[in-house]
There are 2 protein chains.
Amino acid sequence: MTKQVLKSRASARPLPLNQILAGDCIEVMNSLPANSVDLIFADPPYNLQLKGELHRPDNSRVDAVDDAWDQFAGFAAYDEFTRAWMAAARRVLKHDGAIWVIGSYHNIYRVGAELQNQGFWILNDVVWRKSNPMPNFRGKRLTNAHETMIWASKAESSKYTFNYEALKSLNEGVQMRSDWVLPICTGGERLKDKDGAKAHPTQKPEALLHRLLVGSTNPGDVVLDPFFGTGTTGAVAKMLGRDFIGIEREAAYRAVAEKRIARVRKLDSEAIATIRPKRAEPRVPFGQVVERGMLRPGEELFSMDNRHKAKVRADGSLVGNDVKGSIHQVGAALEGAPSCNGWTYWHFRREGRMVPIDTLRQQIRAEMAAEDGRPN
Amino acid sequence: MTKQVLKSRASARPLPLNQILAGDCIEVMNSLPANSVDLIFADPPYNLQLKGELHRPDNSRVDAVDDAWDQFAGFAAYDEFTRAWMAAARRVLKHDGAIWVIGSYHNIYRVGAELQNQGFWILNDVVWRKSNPMPNFRGKRLTNAHETMIWASKAESSKYTFNYEALKSLNEGVQMRSDWVLPICTGGERLKDKDGAKAHPTQKPEALLHRLLVGSTNPGDVVLDPFFGTGTTGAVAKMLGRDFIGIEREAAYRAVAEKRIARVRKLDSEAIATIRPKRAEPRVPFGQVVERGMLRPGEELFSMDNRHKAKVRADGSLVGNDVKGSIHQVGAALEGAPSCNGWTYWHFRREGRMVPIDTLRQQIRAEMAAEDGRPN
DNA sequence: CGCAAGTGTGAATCCTGGG
DNA sequence: GCCCAGGATTCACACTTGC
């Protein structure tokens, strides 16, 4: 049993969580409360030159195009479509929320420019580098071996979610880059109709959504996908303990997605949990180290290279070489640096060895965690 | 002596070939005859919009791109700038010509949309994946590890130049993809002032231009670079036997570029010529050795017993004693053998010693392992 | 001389909470 | 909103210095 309609926001209307909503995504999004979802993943139609696939927001069909003038009409119609769905998405998104949009060179430049025009703030563009792309059969161009994803917060001032440590961990301890090498969706993951044909022409690999959701959402966040298709976003969101809202116009895709997501089992919370960043640790004033007697007033601290020293004072400040202030301020002043992390800069002597004072902070934090009964 | 003013077109005005023209690129381009250049490479300002200073974790300051030429009032101003230079470039370009524009997420979406708006026809977007990008020091986003290049013909109907076989040969028999892994410009290639400071903040690597010009121009073609900077385009064009026209506003950049290009020696026509190789066993592409500058086109390779030699060409093929082909094919032909492992057969001279080219392959493999050995 | 260790640096939209 | 201060944060190379 998944919760279906639970979360309510400032708006009185509840969110239809973990459901696939039928209909045109613009209309459906406009029926949702404003400022209510944490992340949007959008995989809009790429088509500019494909005949008969492009519709205006009012569902009227755009005529096929092939000459230069009609090309312009094609772009104008696509831009209008983009503007409309993106504005609707923007309204639903929380101020601190973010959006991902995936596309190819056919549409991504229109999309990226419109994101900026609407006030979204691009955080990165990410290249999905396909390890097994389709070759260019006619040999007239380069193998089109990648797609582009744009990651943008709702505004420059948004406090977007970014799980830096989790992605670094996914990347064997090295900071995650903006180029992601992943195979396209094939084999058992690729959904098929009864007759064996692929259920959706552009099904995205779950690995892509996995990395994306781990990196830019937290467990319990609400992820909206206005072009849901066969539900890769929903499947991965469910697995990772995120809530999703899918919107899909085609009944056939909705049916496939429903079945698919029903089969997905949510990972247990231990598996979902990721490394907690240090920023999330409670702040410990250096004065507490002194108060608790872990360091005594008058004791001397040393920089790692032993070139600088300072004396601890009763109020938790330091004094060294005529400089007084916090552990950070004195360290910065002595080094002539713009800033300094005093916790890692200063060391005390114990049994002839130099120990960073950060070990004392970690001790205090461990005690605080034990008191709260909270896992560290 | 290079030819200076030779080619004339339908227009009576001659083209100022292999020169660096001073001034605003829009005015200068408008002074050139219409429909006269074969390729444009444009590296316009990215409009980075940097705010404060940034320091590395070791407190050293990042030398940011804060030059006046990258300052724009906003997107509207940047769009107007883009529209203007692109229209001027379009006028100068032959109907069957093409354009490359490089940028980052800050500007590339504006650029790509305007390309389409002006009627250019995007052929590919190419991702330059940097093997050694600057990290994201604060851990707030993904490492910005790539830049984007858009390749577009003047119109959908253009018969653009694409040397499929040459690029395939550079990639040792495998179709060239839309993602190119190349290091940023450092070391001896990076131009410095007298005081050791970098001469230009955003100098592009020659390997990038090498691949681009081999793939999308022919010898004798005219390449226009309206944002010439310190002249990477001109240097590579000259080496590869293409003519260039550079436009640069800053006198200091022009001076550096002049000196740089004067030092470049044009490869002989045999080295420049590209071939249609028969299918070679794909392994590590020998072309990468050339692209990365580990061996220069024109350099001679020798058999271990010194009885045979061959010359390296720009597309990674060899020519020796009227035999042309891959390192393996030429070795086999010269030995009268049914087959030959070119990697162990061929040697180059360094400091009087003969070194097998296989050491270079091992070097590349080590780098590739470092890049791809971990999940990206 | 070689190897190890240390230093410098690259198109970057790079912090956050409390008062 | 602003100001202030705590304190968190890096990868791949090339080059230099030291033993």
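Please read all numbers here as calculations on a predicted model, not as lab measurements. Within every chain, numbering begins at 1; the chains are lettered A, B, ... in the order of the sequence lines, protein sequences first and strands thereafter.
Atom name C1', nucleotides D/dC13 and C/dT13: the rounded distance is 26 Å, in whole Å. Taking atom P on both C/dG19 and D/dG7, the two are 14 Å apart, rounded to the nearest angstrom. Taking atom P on both C/dC14 and D/dA12, the two are 22 Å apart, rounded to the nearest angstrom.
Taking the six-membered ring for Trp and the full ring otherwise, A/Trp151 and A/Phe162 have centroids separated by under 6.0 Å.
Using a 4.0 Å cut-off between charged side-chain N and carboxylate O, B/Asp179 and B/Arg177 make a salt bridge.
In this structure, A/Met176 places its CE atom 12 Å from P of D/dC11, rounding to the nearest Å.
Applying the 4.0 Å criterion to OP1 and OP2 of D/dG7, one finds that A/Tyr345 has every side-chain N and O outside that range.
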What string of B, S and - do you get for nucleotides 11-16 of chain C, 5' to 3', when a contact is any protein heavy atom under 4.0 Å?
BBBBSS
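In this structure, B/Lys194 has no side-chain contact (heavy atoms from CB on, under 4.5 Å) partners at least two apart in sequence or on a different chain. Checked against ring-ring contact (aromatic ring centres under 6.0 Å, His included), B/Tyr46 has no partners two or more places apart in sequence or in another chain.
In DNA chain C, consecutive stretches of 3 or more Watson-Crick or G-U wobble pairs with both distances under 3.5 Å are given as paired ranges: C:2-10 with D:11-19, C:15-19 with D:2-6.
For the contact set between residues 310-330 of chain A and DNA chain D, defined by any heavy atom under 4.0 Å, the members are A/Ser326, A/His328, A/Gln329.
For the pair B/Arg211 and B/Trp180, the cation-pi criterion (under 6.0 Å, within 45° of the ring axis) is fulfilled.
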I'd like a table of atom pairs between the protein and nucleotides 14-19 of chain D - only N or O on both sides, under 3.5 Å - with the distance next to each one.
none

